[in-house]
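In what follows, a single structure is set out as structure tokens and then discussed.
All ligand and atom numbering here is 1-based and tracks the order in the structure. We use all heavy atoms of the structure for the numbers below, so side chains are in, but hydrogens, waters and symmetry mates are not.
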Amino acid sequence: MALPLLQLALDNKTLPDALVSTRLLASEVDVLEAGTILCCSEGMQAVRCLKALYPNRIVLADIKAADAGTILANMVYDAGADWMTVICCAPIATVETALAAAKARNEAGKTGGVPRDVQVELTGSWTWEEAAAWRAAGVKQVVYHRGRDAQAAGQSWGEEDLAKIRRLADMGFDLSITGGLVEEDLPLFKGIPVKVFISGRSIRDAADPAAAARSFKARIAELWG
Ligand code: 5RP
Ligand code: MG
């Protein structure tokens with residue numbers, strides 16, 4: 001089983017604030033996420049800046065697109081994103097058009113190593129029929145997400161989540177797992193072929209963010225190595 005990657009979610013309200021975190025953490029993580037909050041606040045400038053400063057990191061634009069797949073996908077890819085998110089309640093046409101934009105760039109061969117890709121973000125409600133439709137449309141990656149607000153309202157990780165995550169893996173999806181993740185949550189997912197663990201606040205807000213990221217990665221290696 002490949003070692004899961006570590007993604008740093010930058011849900012900062014300003015770009016300068018996000019860059020304080022990346023200066024400490026970019027070399028400690030595999031993927032840099034321009035978070036939904038940062039994208040709403042700073043727009044594509046945040047994505048452009050992350051890719052310009054850290055060209056060797058995968059950059060994900062967590063825009064949770066709900067419509068206008070072609071325009072939004074081209075916008076994030078033009079800004080330098082490698083991956084983007086589409087929200088699970090988006091029409092299948094949005095998923096398909098965003099995927100088509102990624103595919104066109106991959107076929108043009110100008111993506112410099114990391115293929116452009118679209119992740120479906122599982123925040124809120126979705127069905128197994130929709131999951132089958134995403135797979136049929138060519139979606140490879142999904143993000144299993146305990147929403148920030150759901151977490152704040154007291155929702156914790158449970159057996160129901162793990163059963164869904166295992167079923168998604170069995171369907172052939174590459175899984176990113178996120179939502180208030182702390183290092184102590186990692187053993188819950190042991191044995192599941194997770195592609196990426198995403199952490200924001202628990203690493204960014206740690207007293208020593210670089211040490212927190214290293215410890216997160218060491219725990220991943222211990223559990224999946
Ligand atoms: C919220 C998000 C966040 O990026 C995700 O939840 C990770 O951040 P944190 O670890 O701080 O919860 O997409 O919608
Ligand atoms: Mg995010």
Should the heavy atoms of other residues, nucleotides or ligands under 6.0 Å from NZ of Lys140 be counted, would the total exceed 12? yes
Near Ser199, which atoms of ligand 1 are under 4.0 Å from a heavy atom of that residue? 10 (O)
Considering distance alone, does some N or O of Glu33 sit under 3.5 Å from an N or O of ligand 1? yes
Give a yes-or-no answer on whether the side chains of Arg48 and Gln45 include a donor-acceptor pair shorter than 3.5 Å. yes
Pair Asp82 + Arg57: basic N to acidic O under 4.0 Å: no
For atom 7 (C) of ligand 1, tell me which residue out of Ile203, Leu8, Thr178, Thr85 has the closest non-hydrogen atom. Thr178
Who's closest to atom 13 (O) of ligand 1 heavy-atom-wise, of Arg201, Arg204, Gln7, Lys64? Lys64
What are the atoms of ligand 1, with element, lying closer than 4.0 Å to any heavy atom of Ala9? 4 (O), 7 (C), 8 (O)
Which residue owns the protein heavy atom closest to atom 4 (O) of ligand 1, what's the atom, and how far is it? Asp11 OD2, 2.5 Å
Describe, in one word, how the ring planes of Trp126 and Trp134 are oriented to each other, choosing from parallel (under 30°), tilted (30 to 60°) and perpendicular (over 60°). tilted
Would you call the rings of Phe197 and Phe189 parallel, tilted or perpendicular, where under 30° means parallel and over 60° means perpendicular? tilted
List the atom of Arg116, the atom of Arg105, and the distance in Å for their closest heavy-atom pair. CG-CB, 4.1 Å
Which protein non-hydrogen atom lies closest to atom 10 (O) of ligand 1, naming both residue and atom, and how far is it? Gly200 N, 2.8 Å
So which bit of Asp62 gets within less than 4.0 Å of ligand 1, heavy atoms only: side chain, backbone, both or neither? side chain
Give, rounded to 10 degrees, the angle between OE2 (Glu33) and OD2 (Asp62) as seen from the Mg ion (ligand 2). 90°
Tell me which one of Thr123, Thr85, Asp62 satisfies side chain to side chain donor-acceptor pair (under 3.5 Å) with His145. Thr123
Take every heavy atom of Gly35, measure it against each atom of ligand 1, and state whether any distance is under 4.0 Å. no
Any idea which protein heavy atom is nearest atom 6 (O) of ligand 1, and the distance to it? His145 NE2, 3.0 Å
Nearest atoms (heavy-atom pairs only) where Ser156 meets Asp161: O-OD2, 3.7 Å
